[in-house]
Amino acid sequence: MSLTVNLLLNGVALGMLIFLIAVGLTLIFGLMGVLNFAHGAIFAWGAYVGWAVYGATGSFILAILAGTATGFVLGFVMERFFIRPFYGNHVAQILLTLGLMIVLTEGIKIFFGPNILGFDKPELLQGVVTILQDPFPVYRIFTIGVGALVLIGVHYLLSRTKYGIIIRAGVQDPEMVQALGIDVRKVFALVFAFGAGLASFGAVIAGPSFGSLHPEIGMQNQLAAFIVIVIGGIGNFVGAAIGAVLVGITQTLMAYYLPEAALAVNVALMALVLILKPEGLFGLRR
Amino acid sequence: MRERIFNNKWLLAAVLVLLAILPFVGTSQFLMLMLIQVFILAVYGMSYDLLLGYTGIVSFGHAIFFGTGAYSVGILLTKMENPNLLFVAFLIAIVFSAVVALLLGVLSLRVKDVYFSMITLAFAELFFIVAEKWSSLTGGNDGIPYIRVPELFRERVSLYFIALGFLVVMFLFLRRVVDSPLGRVLQAIRENERRAESLGYNVLQYKLVSIVISGMVAAMAGGMWAVLQRYVSTTVFSLDQTISALLMTIIGGVGTLTGAILGAGVITFANEWLSSLASVHPIFERWLIFFGIIYIVIVMYFPKGIIGTIRDKWARSSERGKRDAAQTDQRGKSVL
Amino acid sequence: MTTLLTVKGIQTFIGQYHILQGVDLEVEQGRVTLILGRNGAGKTTTLRSIMGLTPAKQGQIVFDGEEIQTLKPHLIAQKGIGYVPEDQGVFSDLTVEENMKLAIRKLDDATRARQDFVLDLFPDLKIAWKRKGGNLSGGQKQMLSIARAFVNDNRLLLIDEPSKGLAPIVVEKVMESILELKKRTTIVLVEQNFLMASGVGDDVFILDDGHTVYRGSMADVRSDEAVKKKYLGIGL
Amino acid sequence: MSDYLLETKGLTIQFGGHVAVSDVSFQIKRHTFTSIIGPNGAGKTTFFNLISGQLKPTAGQVIFQGRDITKMPVHQRTRLGLGRSFQLTNVFPNLSVLENVRVAVQAASGGGFRLFSHYKKFHRYEERAMELLTLAHLDGKEGHLAKHLSHGDKRKLEIAILLALEPDVLLLDEPTAGMSLEEVPQIIEVIRSLKDSGQHTVLLIEHKIDMVLGLSDALAVLFNGKLLAQGSPDEIMQNELVQSAYLGGLYDDAVNG
């Protein structure tokens, strides 16, 4: 396998990891207009709980379930008790979710300690396969597969199911949805919880890929996810996926050819998009 | 009436006199050091309040300016090898951060308020990375140690008065700004951006002016911080640095410069006190969690912070339920 | 005759404004009850208070023997009240099909039959079935909104100014369809002007400044020039 | 050069598939009072938003003082002399009534960027603001926060803010909407005084025709986004197209009765 193909595949794998984080953020943000600054902290909680359960039971599936459930519950509680009074009030939402971020991140330090923890890949997904005569890690293929599944699944949910219809309608005119006999608040709470659950699900998948966890992991990934959303076009779910792959590939290439600048390239890419096309590559001007 | 009590010149003057005589009544070195920190951080907090409280912009990248100021002063003092060129270093730091603020503003004010916060956060991350990686200039993770400063800035009592003077001058400057025609336009933008636009104000330009002024003041605070610590590390660019500006402003009260000063005091002293309790229970090492909780409670239930809430109380009791009951709750607007 | 809906002295505030200051209504089963009154009289707010969207602070709303003034809107809708708001409330990002799908609470045979009936009544909707709500004409939106309200087993439809912004020819069509729907359900119709609605109404309530100021039959109002002049005035 | 102060040519805007304003070509002369009438939903406010720049048209032009301003941002249009009031009250809620108007006076005199301007300058703005408040029957309420005003008073404040801009053209969007009956005459009085001063060009939106008949030099009828007719009040009332489409015969009874 040529170097280029290898780098591209790695880039896609990284992009899918970022997408897994971004998808929940864009759901909550794009559909409900809530920019959740605690999204990364929920991600981190998912990763840590997944790590703990994996360590205790040795079952990666249980780890995924537990991690996802953690995010779901956190999201539900957050919407119900904190966000709900502040729909439509962006400044309060920003300030409030930042506060939740602080508390949740500090909480991780209290429960799991402030140090770096190792997160191993499950045995089944260790090792490499040969693609075009070159070795490629199985776990990255697994990541790409999971990312693709989530992409298809969420797309199906939004476009084909009644829940999707309710969500899309509820964003435009929650009052009318209520007047049609649907408890739109419950739906919103579920969407919020679902978005948070996706983040923590992505976290458990991402954990072994990163190989280690630390309490700031949430913020870093949240930033990456947000950059991806800005690049792809805010509120555009497919745009986020494309943006994620784009960022993943750019970052992988940079890491290979110009490692000093690899971390800064995301922000630079975002700045470029903002200058040229402030609504994002696939976004609509609102 | 109520405005008078808290913006009362006499009350502020009395506090000032109290602070001025403090070094002469045998105060501990430790307390003085704490107060110097409070004075400098208060300026940093006020600069943030100009953005958040007066212009209605939620920036999560305020550390950029603080850090730019700190690093500029640190690097320049180290390179120039003459500590007495401190003022030149400050001047360069201010100009530099004004340029940074302008660029940041032009880039990120193009998008709506919600995205602005996140984008400034991303840029702060960028600055953090640059400070870490460009070690030939910044010293990387080791930072810039042993910054040499003029003798006057080393001696505690004189530094105390310099910091106090710095706070007073900056307070008067910022108060002048918010009360100037420009400041009034900023408040109008905070209240109703589109309407301000339809009055003929170029909103983007005004926001840029706001962020530039705020950035310059924050940079001065950062420079003072470098002088006080005689050491600069990447933490000046960290998210925690931005969060501390946010905490000071919110807890003290947005849109009231005095609130940021009070907030700086509360945070610095409470921080010290909580950290000292770490020997009682390890949870106190994570003192930030307490601030986080207090902060959430304030955002949810006392959105005007300490000063703002007290002001309202005064207003309420002096008007005593005239026609206010139905009108106080403006923040609870909800789409549901 | 049985009374399906009774509204007794409701008072409603929007923010600090006292919009409804005592509105009474009695809606008889199987009839079209008209709410008339000039702009700002409180007609829309009355419907919104019945739906629970701007809940009444005081007074009573009884639907089918049950007090509903404290219920949340979605529960009120589930009791069997369909609502066609002033702006039609059509979801612009959803297709006509999805708008209908959203509205249908339980897809049983009776609902299917009602859907078939209402689509026969408004063949336009069948043609535009896959089109997005935002791309419909004003008349089509009105039809979709009415269809959405009717498709469930609703015993009462609240329709707010269906003539608004529509060409007279379309208005006629909408009014005809209301007469058609009247055979199957009960309707409360808000109208700003009298003549538009006089062809379909049975009973009339006139609101002014947030009060019910007149009640009577359609025939009464038609012959009472003084009432017409005083409360309805001329106006476009 | 055209004789008209404000002109639109083929102005059109589409939202999705919906054409809210369709090919409207319309002119007003200096120092006239023109009212745009039409039922709710006819596109009147959208038309206003196109003129004042809140919306950008899909097609067509807006020409003001002989200049094409179609692509000009809102704040520049205001500077050129197009001032508007909003149908939904749109003031600065947490600023005092006086401050609301003062900021507008300041905008008109271009004094916004002055950072350390002299206190006396401030004073001049304030005096002018007080004059305007008196004119709008709001004197005595200058110290209240705008959000504490009654609905009618907010509308008056809107007008005072608009006057403070000293615009060549005043765009008034249903200034009496949602007002209680007692408050309407006062507002009409303010508007009438504008007309009588002979210095302003006024464009007013209203859906109640009786209110504007006596005030207007010219009427324009908007229906379903289209301009049905334009002319003197008498001409409009006689116009057959207007009769059949807008009044539609449906209103005969109400008009005669």
Side-chain angles (χ1 to χ4, degrees), chain A residues 29 32-35 37 81-82 84-96 98-107 109-110 114 170-171 173-175 178 184-185 188 216 219-220 222-224 226-227 229-230 234 260-264 266-268 270-271 274-275 278-280 286, chain B residues 52 56-58 60 103-104 106-108 110-119 121-130 132-134 190 238-240 242-243 246-247 249-250 254 282-283 285-300 303 330-336:
Chain A
F29 184 33
M32 297 161 67
V34 178
L35 184 47
F37 275 88
F81 295 103
F82 297 99
R84 187 169 286 180
F86 299 102
Y87 278 115
N89 184 348
H90 287 304
V91 172
Q93 284 168 3
I94 297 172
L95 296 176
L96 195 60
L98 190 92
L100 292 167
M101 188 277 287
I102 297 172
V103 172
L104 285 175
T105 307
E106 291 301 304
K109 293 177 189 165
I110 291 171
V171 178
D173 186 352
E175 230 177 36
Q178 277 190 299
V184 78
R185 290 197 202 202
F188 272 21
E216 311 298 333
M219 202 26 146
Q220 280 173 11
Q222 173 178 334
L223 272 176
F226 179 77
I227 288 171
I229 292 176
V230 169
I234 287 152
E260 306 83 42
L263 285 169
N266 287 344
V267 182
M270 178 180 77
L274 278 178
I275 294 168
E279 68 275 22
R286 296 203 169 203
Chain B
L52 179 67
I57 299 177
V58 190
F60 283 164
L103 285 177
L104 186 73
V106 168
L107 266 182
S108 34
R110 290 160 66 92
V111 291
K112 276 191 210 141
D113 50 355
V114 197
Y115 321 135
F116 177 84
S117 318
M118 199 77 198
I119 287 166
L121 184 61
F123 278 109
E125 179 77 1
L126 182 66
F127 274 78
F128 186 84
I129 293 168
V130 169
E132 206 173 34
K133 300 286 171 189
W134 194 356
R190 174 195 73 197
S238 68
L239 178 61
D240 285 357
T242 294
I243 287 177
L246 190 64
L247 290 178
T249 317
I250 297 274
V254 284
I283 196 170
E285 271 173 40
R286 306 258 65 90
W287 50 268
L288 193 55
I289 201 168
F290 297 105
F291 281 124
I293 291 166
I294 293 168
Y295 164 91
I296 290 173
V297 169
I298 287 182
V299 171
M300 290 187 78
Q330 278 286 313
R331 126 195 104 77
K333 61 173 175 181
S334 149
V335 295
L336 294 184

### Task
Select one option (side chain, backbone, both, neither) describing which atoms of B:Ile296 are under 4.5 Å from chain A's heavy atoms.
both
### Message
Minimum heavy-atom separation for B:Ser117 and A:Ile94, please, with both atom names.
### Response
OG-CD1, 3.4 Å
### Query
Heavy-atom distance under 4.5 Å between the side chains of A:Leu98 and B:Tyr295, does that happen here?
yes
### Query
Side chain, backbone, both or neither: which part of B:Ile57 has a heavy atom under 4.5 Å from chain A?
neither
### Summary
side chain to side chain contact (heavy atoms under 4.5 Å, CB included) with A:Ile102: of B:Ile293, B:Ile243, B:Ile289, only one passes, and it is B:Ile243
### Proximal component of A:Leu100, with respect to chain B [non-hydrogen, under 4.5 Å]
both
### Query
How long is the span from the OG atom in B:Ser238 to the CE atom in A:Met219, to the nearest 0.5 Å?
11.5 Å
### Query
Looking at B:Val106, B:Leu246, B:Leu247, B:Leu52, which one has more heavy-atom pairs under 4.5 Å with chain A than the rest?
B:Leu246
### Query
A:Gln93 versus chain B, heavy atoms under 4.5 Å apart: side chain, backbone, both or neither?
neither
### Note, B:Leu121 side chain near A:Phe226 side chain (heavy atom, < 4.5 Å)
no
### Pairwise side-chain contact, B:Leu126 with A:Met270, heavy-atom cut-off 4.5 Å (strictly under)
no
### Query
With only heavy atoms counted, which part of B:Phe290 is less than 4.5 Å from chain A, the side chain, the backbone, both or neither?
neither
### Query
Among B:Leu107, B:Ile250, B:Val58, B:Leu288, which residue forms the greatest number of heavy-atom pairs with chain A at distances under 4.5 Å?
B:Leu288
### Task
Using non-hydrogen atoms and a 4.5 Å limit, figure out which bit of A:Phe82 sits close to chain B: side chain, backbone, both or neither.
both
### Task
Could you check if a side-chain atom of B:Met118 sits within less than 4.5 angstrom of a side-chain atom of A:Ile227, using non-hydrogen atoms only?
no
## Note on the structure
Turns out that what part of B:Ile298 lies under 4.5 Å from chain A's heavy atoms comes down to neither
### Message
If you count heavy atoms of other groups shown closer than 6.0 angstrom to NZ of B:Lys133, is the number above 12?
### Response
no
